[in-house]
Amino acid sequence: MREEDGTIAGWYGSGTDIHDRREAMEALERSERRFRTLIEGMPQLVWRAVDGGQWTWCSRQWTSFTGQTEVDSRGRGWLAMLHPDDWQAALAAWEHAQGDGLLAFEARIFRRAQGRYRHFQTRALPVRNEAGQVTEWLGTSTDIDDLHRLQAQQGVLVAELQHRTRNILAVVQAVTSRTLKGSSSFEEFSESIGHRLAALARVQGLLSRRDSSTRVPFDTLIREELSAHIDLDENGDGEHVTLRGPPGVPLRSSLVQTLALALHELATNAVKYGALSQQGGHLRVEWELRGEDEAHKRLFIDWRETGVPERAEKETCLPGGGYGRELIEKALPYQLGAPTSYELTPDGVHCTIDIAVPSDSQLEKIQ
Amino acid sequence: MSGLLLRGRRILVAEDEYLLADDLKEVLELANAEVLGPVASLEDAAAFLGSGTIDAALLDVNLGGEPVFSLADKLLQQSVPFAFVTGYDRSALPPRFERVPRLEKPADGAKVVKTLQALLG
């Protein structure tokens with residue numbers, strides 16, 4: 001306070017305690033930092049918008065995912081990063097959002113690093129003022145592309161399972177009717193069909209044990225089939241059996257079943273009438289890879305029975321009314337262009353099968 | 001089954017499983033149809049296309065690992081009626097084949113003949 005001449009007469013002062021305010025501001029800053037860290041650390045793309053989907057801000061995730069700058073994303077700029085086919089759905093969702101008090105839609109968003117679109121689920125809730133009016137929207141877009149892919153894959157697998165189940169039933173029906181035709185008594189039918197279904201079951205086991213990227217190797221198939229009839233040692237040899245050939249030669253899945261059924265008929269025949277039915281008989285199965293060209297390798301299988309001199313009249317063909325021969329001489333060539341031969345030599349059965357080996361570059365798709 | 005059912009009709013059979021193809025052939029021949037094929041691949045089926053020799057066709061959906069749809073499209077273009085013989089569900093087939101009859105495996109012989117009769121009018 002001053003005198004009339006302007007000299008200072010005294011001081012008044014007032015103090016305001018700003019301690020609390022300061023504390024509150026610091027707390028707010030800390031809270032904002034935490035909030036920002038939270039937003040920037042989450043995997044979702046986060047953004048703010050005002051009514052009608054006019055963006056006012058987006059998080060770093062959006063800019064680094066799409067390559068679009070924050071400024072460019074504002075307003076309806078974000079729409080440019082969505083798949084054009086999804087624009088309509090996105091805009092329609094915004095139209096409904098106001099009334100629903102919730103924004104929710106799915107759309108594909110472009111990922112710059114991959115150069116392709118990925119499926120996203122987008123959700124936002126409105127922020128309201130004290131009067132209950134919407135002041136802005138806070139939204140997130142979540143990457144659900146892997147989920148989409150897995151769902152699609154699952155759909156394919158279920159369809160495939162249905163297809164295979166019905167197909168195998170049709171094969172069982174065909175095998176049954178052929179076995180019926182080739183049987184002269186119920187006992188004969190009962191025995192043959194039991195063994196044939198068991199052979200089918202074995203091959204289904206082989207096919208389902210492998211994972212989708214691997215194939216059934218020939219040596220596994222021949223051992224599995226012969227083991228059902230006779231004892232084999234670790235090398236795959238038995239008292240009257242010699243198996244010789246490279247391990248791991250892959251078979252096309254569509255061939256495995258028919259080849260297994262054919263080998264089953266050969267083995268059954270050998271056990272009943274051929275090399276495995278008598279002393280002095282011997283079965284030698286040899287196989288080798290042929291062909292110069294890596295992409296066109298062929299597996300040549302040679303099944304030779306020896307020491308089977310006398311064969312009675314009724315034993316001159318495979319059992320089952322020629323069903324076995326039908327598989328070898330017709331089914332294998334038909335299904336896979338596999339040249340085959342079947343011959344009764346004075347010494348026993350001699351059969352050859354020549355099949356294409358799938359090269360690595362032709363790894364199968366899910367069929 | 002009357003012998004007149006499919007008399008002289010030329011039916012293309014595309015089925016890669018030999019036993020099933022052979023069964024279909026037998027059913028059709030019993031109905032006095034003339035069987036084209038059977039064929040186990042798209043490549044072999046192509047030989048019968050465009051020559052105007054096919055009256056109708058039975059198609060397995062999967063031929064040696066290849067979907068049969070390209071062949072089905074060609075038949076549609078040439079106005080050759082056909083049916084799918086398949087283990088696949090209707091939902092696994094493209095919508096453009098919505099009106100194509102689907103025979104479930106294992107296919108019943110009488111039903112196969114009846115379906116073909118309906119297709120051939």
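A note on names: the letters A, B, ... follow the listed sequences, proteins ahead of strands, and every chain is numbered from 1.
The contact between B/Val39 and chain A is made entirely by backbone atoms, counting heavy-atom distances below 4.5 Å. Both the backbone and the side chain of B/Asp89 have a heavy atom closer than 4.5 Å to some heavy atom of chain A. Heavy atoms of A/Gln173 lying under 4.5 Å from chain B belong exclusively to its side chain.
Checked by atom type, the side-chain pair A/Arg304/A/His350 shows a donor-acceptor distance below 3.5 Å. When only modelled atom types and interatomic distance are considered, A/Arg196 and A/Thr179 share a side-chain donor-acceptor pair under 3.5 Å.
For A/Glu288, the CD atom counts as densely surrounded, since its 6.0 Å shell holds more than 12 non-hydrogen atoms of other residues, nucleotides or ligands.
For chain A, the option among B/Pro106, B/Ala21, B/Ala107, B/Ser91 with the highest count of heavy-atom pairs below 4.5 Å is B/Pro106. Considering only heavy-atom pairs separated by less than 4.5 Å from chain A, the leading option among B/Asp44, B/Asp60, B/Asp16 is B/Asp16.
Contact annotation: the side chain of B/Arg10 never approaches that of B/Ile54 to less than 4.5 Å [non-hydrogen atoms, C-beta and beyond].
The aromatic rings of B/Phe97 and B/Phe84 sit perpendicular to each other, their planes meeting at more than 60°, with 30° as the lower class boundary.
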